[in-house]
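Notes for the one structure printed next.
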Amino acid sequence: MRHTTRTFDELRALLDVSAGRRPAETYLEGATLLNVYSGELYPANVAIAGGRIAYVGMHRGMVGPATQVFAYPGKILAPGYIDPHTHITGMATPVEFAREVLRTGTTAVLADAMQLVLQVSPDRVAPLLETLAAMPVRVLWAIRLHGASHLPDEEMFSLDRVRALLRLDAVRTAGEVTRWPAVYQGDEDLLRKIAEALAAGRRIDGHAPGVSPDRLAALTAAGWSSDHEAITAADITSRVRAGLYTMLRHSSLRPDVPVLAEAVTPQRARSGRLMLTADGPEAATIVREGYLDHVIRQAIAAGIEPVLAYQMATLAPAAYVGLDEDLGGIAPGRRADIVVLDDLREPRPSTVFADGRIAAQDGVCTAVFPEIAWGDMIPARFTPSWNPAPALFEMPGPAAGGPAASVAFPAMVLENSVITRRRDIVIPVRDGRLDPPPDVMRLVLLDPRGRWIVRGVLGNFARRLGGLASTFNVSAHLIVLGQDTADMARAARRVLELGGGIVAVEDGRTALEVPLPIGGIMAADRFPAIAERAAALYAYLRARGYPHTDPHYTLLFLPLDSLPDLRVTYRGVWDVRRNRVLVPRQDL
């Protein structure tokens with residue numbers, strides 16, 4: 001896939017069409033143009049050839065007998081939307097994710113490649129990333145410099161492998177760098193990788209929730225280019241002042257745009273550093289509300305001037321990824337990614353053009369996407385090669401020091417969908433085993449092959465839950481939680497039989513299944529079907545007392561080693577703030 005480069009023949013063809021010496025392939029006329037470069041709205045027609053825009057203006061000299069003419073009186077032409085930071089973690093493949101977001105106007109995304117780097121056979125990662133970047137929706141990539149959770153082996157994030165991936169044309173940034181304290185402390189491995197990314201001309205995608213302005217300055221000095229973790233207007237201000245590209249996020253987990261919008265002053269808008277992002281909402285939200293069109297709509301409703309809202313979702317992200325001469329605007333030479341709007345305040349398009357061809361009409365995607373043999377790309381990770389028994393989910397009592405009536409245990413207690421707080425709870429000891437109280441869940445992280453285990457407890461997740469097993473998490477391990485060890489074992493066995501996914505068991509019977517046979521985190525089904533299954537899972541958990549906003553991200557992030565306070569990782573129950581293991585892993 002080429003970006004910003006055009007061959008002699010392509011340049012000659014675009015020039016000849018623009019000058020009226022050759023007919024255009026496609027001509028859009030009668031509409032009002034939203035010019036994100038000048039910030040204006042005015043009448044203009046658009047001529048397209050070879051998937052690119054050849055001319056913008058009022059002349060019709062390039063219209064020939066074979067030119068396909070589309071008349072759009074009363075409509076507005078705007079650039080296709082670009083998300084500068086997302087995660088394709090909605091249980092769908094990147095192909096199905098792209099098909100879904102295209103129908104509502106998003107024509108390019110910068111996505112986290114972590115799960116593909118983690119699970120795809122190493123020799124197939126680079127060609128897969130390039131193939132996905134050449135779809136009707138350009139899925140560009142951010143390459144992680146480290147894992148999102150402690151892993152037995154982080155060779156896939158080695159300097160040599162990161163260096164090779166950073167030089168792919170489809171890769172535009174490094175990150176997101178969630179281990180910001182390590183960067184701040186001068187971690188040599190991370191600094192070397194950041195230097196490699198900068199040498200390759202790539203941006204550094206930061207992640208620093210709640211960081212002070214002084215520490216933010218230090219991180220910027222260490223090479224950071226952007227941050228999407230602002231949760232207050234003051235956070236926006238500190239990031240722009242530091243010279244960072246600053247993203248206003250509105251996702252299923254953090255719908256923050258109404259709060260952040262007050263920081264978007266005309267002066268800050270002129271910097272071109274402000275962008276909008278959906279930051280990877282879960283599938284049911286995308287189907288119900290849309291994608292970047294929903295974020296733009298929320299920004300306008302929050303008081304951001306409409307033209308600026310579109311600039312923050314088109315031109316600014318294109319500049320951020322270094323492709324503003326290729327994407328992000330309607331001007332000669334740019335890719336013909338165009339949305340047709342009925343009203344400036346309603347970003348849901350009636351028609352979407354990608355590469356100069358109609359790709360979606362009235363909310364229905366018509367573009368052709370590649371067929372990917374995911375089974376060949378991602379080796380089977382979860383198989384029924386072993387049989388988790390109920391005894392595995394028991395919590396052994398003290399091994400030494402004589403009999404004890406109870407033990408103080410560091411519990412993970414959910415404060416919201418993803419943040420946990422440590423609470424030391426007293427757990428009775430019965431028959432040499434810990435017997436957790438009914439207001440907490442047993443929480444187990446298991447190696448997919450049954451070679452090791454981490455045992456903990458999780459509070460404020462649900463009031464009642466027999467057993468739930470899930471491979472849907474950032475570590476690609478098996479998480480099992482619940483109150484009944486027999487139900488937990490049955491759920492774990494069924495997940496392995498499915499090849500990955502989420503299974504709930506109550507009273508010895510399977511109550512719900514979400515098959516995710518591609519690496520344990522994706523299914524090849526169409527996006528609406530996946531969203532329906534996900535919505536059923538969320539309803540099931542809420543009916544059992546789940547009290548937070550987004551169970552999707554609770555399951556996904558339990559092993560994430562950058563969120564406070566406690567996480568369940570390969571090393572054990574991990575204290576994020578103190579950087580130490582509280583309950584160690586045990587080999588089986």
ask   = Does a donor on one side chain sit under 3.5 Å from an acceptor on the other, for Y553 and S252?
value = no
Note, I286 side chain near H294 side chain (heavy atom, < 4.5 Å) = no
query = So do T383 and L496 actually touch side chain to side chain, heavy atoms under 4.5 Å?
reply = no
inquiry  = Can you see whether H150 engages T569 through a side-chain donor-acceptor pair at a distance of less than 3.5 angstrom?
reply    = yes
query = Counting only heavy atoms not in R241, do more than 12 fall under 6.0 Å of its CZ?
reply = no
message = Is a donor from one side chain sitting under 3.5 angstrom from an acceptor on the other, for S238 and D235?
response = no
message = Please find the pair of heavy atoms, one from M247 and one from P84, that lie closest to each other, and give the distance.
response = CE-O, 3.9 Å
ask   = Side chains of Y538 and E282: do they bring a donor and an acceptor to under 3.5 Å?
value = yes
ask   = When rounded to the nearest 0.5 angstrom, what is the spacing between CG in L116 and OG in S121?
value = 11.5 Å
inquiry  = Please determine whether a side-chain nitrogen of the Lys or Arg among D256 and R254 lies less than 4.0 Å from a carboxylate oxygen of the Asp or Glu.
reply    = yes
query = Does the side chain of R455 reach to within under 4.5 Å of the side chain of L392, using non-hydrogen atoms?
reply = yes
key: Test applied, side-chain contact (heavy atoms from CB on, under 4.5 Å); reference residue, F461; option that passes from L414, T420, L443, V440   = L414
ask   = Any Lys/Arg nitrogen of R585 or D587 sitting under 4.0 Å from an Asp/Glu carboxylate oxygen of the other?
value = yes
query = Do L198 and I204 have side-chain heavy atoms sitting under 4.5 Å apart?
reply = yes
query = Any side-chain donor-acceptor pair under 3.5 Å between E96 and T93?
reply = no
ask   = Is there a donor-acceptor pair under 3.5 Å between the side chain of K193 and the backbone N or O of L159?
value = no
ask   = Roughly how far, to the nearest 0.5 Å, is the CE atom of M312 from the OG1 atom of T277?
value = 11.0 Å
inquiry  = In the structure I gave you, are the side-chain heavy atoms of W386 and P448 within less than 4.5 Å of one another anywhere?
reply    = no
request  = Sort out for me which residue in W452, F472, F382 forms a ring pair (Phe, Tyr, Trp, His ring centres under 6.0 Å) with H477.
outcome  = W452
task = Output the distance between atom CD (E229) and atom OG1 (T178), rounded to the nearest 0.5 Å.
result = 9.5 Å
query = Quick one: does NZ or CZ of R273 land under 6.0 Å from the six-membered ring centre of Y245, within 45 degrees of the ring axis?
reply = yes
note = All heavy atoms of I82 vs all of A318, minimum pair found to be CD1-CB, 3.9 Å
Closest heavy-atom pair and its distance - F369, V95 = CB-CG1, 3.8 Å
task = Identify the residue among L498, T471, L468 that makes a side-chain contact (heavy atoms from CB on, under 4.5 Å) with V503.
result = L498
message = For the CG atom of L118 and the CD atom of E154, what is their distance to the nearest 0.5 Å?
response = 9.5 Å
request  = Indicate whether any N or O donor in one side chain lies under 3.5 Å from an N or O acceptor in the other, for R239 and T220.
outcome  = no
task = Would you confirm whether D205, through its side chain, and A174, through its main-chain N or O, come within 3.5 Å as a donor-acceptor pair?
result = no
task = Kindly indicate whether the side chain of H207, heavy atoms from C-beta on, has any atom under 4.5 Å from the side chain of H85.
result = no
query = Are Y81 and D293 close enough, and set up right, to give a side-chain contact (heavy atoms from CB on, under 4.5 Å), and what steps lead you there?
reply = CA-CA 8 Å; Y81 310 142; D293 62 311; 4.1 Å; yes
request  = Examine the side chains of D214 and S212 and answer whether a donor and an acceptor come within less than 3.5 Å of each other.
outcome  = no
key: NZ/NE/NH1/NH2 to OD/OE distance under 4.0 Å, E415 and R422   = no
ask   = Any side-chain heavy atom of F409 sitting closer than 4.5 Å to one from V583?
value = yes
key: Atom CD of E188 with >12 non-hydrogen neighbours under 6.0 angstrom   = no
query = Looking at CE of M488 and CZ of F393, how far apart are the two atoms once the value is rounded to the nearest 0.5 Å?
reply = 5.5 Å
side-chain contact (heavy atoms from CB on, under 4.5 Å) against A164, all qualifying residues, sequence neighbours excluded = none
request  = Indicate yes or no: does R192 engage E196 in a salt bridge with an N to O separation below 4.0 Å.
outcome  = no
query = Any luck finding a side-chain donor-acceptor pair between H87 and E176 under 3.5 Å?
reply = yes
ask   = Do the charged groups of R334 and D324 touch, with an N to O distance under 4.0 Å?
value = no
ask   = Tell me, do Y291 and F97 make a side-chain contact under 4.5 Å, heavy atoms counted?
value = yes
ask   = Got a salt bridge between R567 and D561, using NZ or NE/NH1/NH2 to carboxylate O under 4.0 Å?
value = no
query = Taking all non-hydrogen atoms of both residues, which atom of A208 and which atom of W180 are closest, and how far apart?
reply = CA-CD1, 3.8 Å
